[in-house]
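In this chain, residues are counted from 1 in sequence order. Note: hydrogens, waters and symmetry copies are ignored here, and every other heavy atom, side chains too, is used.
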Amino acid sequence: MLAIRAGEQRRAAVMGGYSAVAQLGFDSGALDSDAARVEAVLTELIEIARPEIVYVHSPFDRHPTHVAACLRAIAALRAATAGATPARVLGVEVWGSLDWLPHRVALDVSDRPQLRDALLGVYGSQIRGGKPLPDAQAARALANAIFDSPELPPPDARPDGVTFAVDLTTLVREAGGSVSDFVEEQLGTFTSETIARLVR
């Protein structure tokens, strides 16, 4: 499975015209048991690449490994020097929707749908029990685009696909801030806004 996944990642990199792909070789357990080493490697890559935008898993993800990856990435970004800190850090949808998030960021993913479908289709090892994950991802992006606003713009003015993200930039820049506190604040906003609608 390790060899299959590594091959899928390399094929996606070629297909997508990526500038680089770094295959670190950590297993899922290392995200917890060897957190410091994972974070050090990620920080080194950030220092080399100096990205403008970093996309990570959302801390609201339902998959424990995805959440661990998010935490390691946030720690690594916090450890990077000021010159290597990205302008923006976004936690994106992967295993669960962020359509409920009050202050979500809507990312237009309409461009090049054939490439999107091809890239998703590369990961055959992710399709277990006949689950059509590429189809599901495309359907979610379409649903997000349609339901994101009650007043829809004309069809030619709205995206055909949207994926949602949570802006983690402030969390990364404020090194002392707790990820748990950040999540609790976001959930608190959702709770208060929901109750306010009920009261009205």
Side-chain angles (χ1 to χ4, degrees), residues 1-28 30-31 38-58 61 63 65-66 68-70 72-74 76-77 79-81 83-98 104-128 131-146 148 155-169 172:
M1 183 56 73
L2 289 172
I4 290 170
R5 291 281 172 90
E8 289 171 346
Q9 291 167 9
R10 288 193 293 271
R11 286 196 297 278
V14 172
M15 187 181 296
Y18 300 176
S19 298
V21 59
Q23 297 180 300
L24 307 184
F26 292 112
D27 62 25
S28 297
L31 294 172
V38 173
E39 290 165 9
V41 171
L42 291 175
T43 299
E44 183 179 3
L45 288 171
I46 292 162
E47 294 282 356
I48 292 168
R50 297 183 175 255
E52 293 180 14
I53 303 174
V54 170
Y55 301 93
V56 300
H57 289 287
S58 158
D61 200 299
H63 197 300
T65 302
H66 294 178
C70 172
R72 299 295 78 80
I74 289 172
L77 287 161
T81 59
T85 303
R88 201 164 196 203
V89 180
L90 298 173
V92 295
E93 289 184 323
V94 179
W95 204 265
S97 179
L98 291 174
R104 61 187 176 268
V105 178
L107 303 173
D108 185 345
V109 293
S110 303
D111 195 28
R112 303 175 75 185
Q114 292 84 3
L115 177 59
R116 176 202 64 204
D117 294 344
L119 286 170
L120 289 169
V122 164
Y123 294 95
S125 69
Q126 299 277 2
I127 302 174
R128 297 178 183 166
K131 289 183 179 178
L133 298 182
D135 294 342
Q137 187 64 39
R140 174 176 284 162
L142 176 61
N144 286 345
I146 291 173
D148 188 35
D156 59 345
R158 69 173 181 252
D160 293 325
V162 166
T163 192
F164 293 128
V166 56
D167 196 331
L168 303 174
T169 310
V172 167

Would you say that Ser125 contacts Arg5 through its side chain, given a criterion of any heavy-atom pair below 4.5 Å between the two side chains?
yes
Report, one line per pair, each donor and acceptor closer than 3.5 Å where one atom sits in a side chain of residues 10-21; sequence neighbours left out.
from, atom 1, to, atom 2, distance (Å)
Arg10, NH1, Gln23, OE1, 3.1

Is a donor on one side and an acceptor on the other found under 3.5 Å between the side chain of Glu52 and the backbone of Ala87?
no
Considering only heavy atoms from C-beta outward, does the side chain of Val54 approach that of Leu77 to under 4.5 Å?
yes
Show every donor-acceptor pair shorter than 3.5 Å between a side-chain atom in residues 135-143 and any protein atom, with sequence neighbours excluded, or say none if there are none.
none

Hey, can you pull the donor-acceptor pairs under 3.5 Å for the side chains in residues 106-115, sequence neighbours left out?
from, atom 1, to, atom 2, distance (Å)
Asp108, OD1, Ser110, N, 2.8
Asp108, OD1, Ser110, OG, 2.7
Ser110, OG, Asp160, N, 2.6
Ser110, OG, Gly161, N, 3.1

4.5 Å side-chain heavy-atom contact, Asp61 and Cys70:
no
Does either side chain, that of Thr81 or that of Glu47, offer a donor lying less than 3.5 Å from an acceptor on the other one?
yes
Tell me yes or no: between the side chains of Thr169 and Arg88, is some donor less than 3.5 Å from an acceptor?
no
Correct closest heavy-atom pair for Ala80 and Thr85 would be O-OG1, 4.2 Å
Are side-chain heavy atoms of Leu31 and Val38 found at a separation under 4.5 Å?
yes
side-chain hydrogen bond (donor to acceptor under 3.5 Å, both in side chains) partner of Arg104, the single match among Asp167, Asp148, Thr163:
Asp148
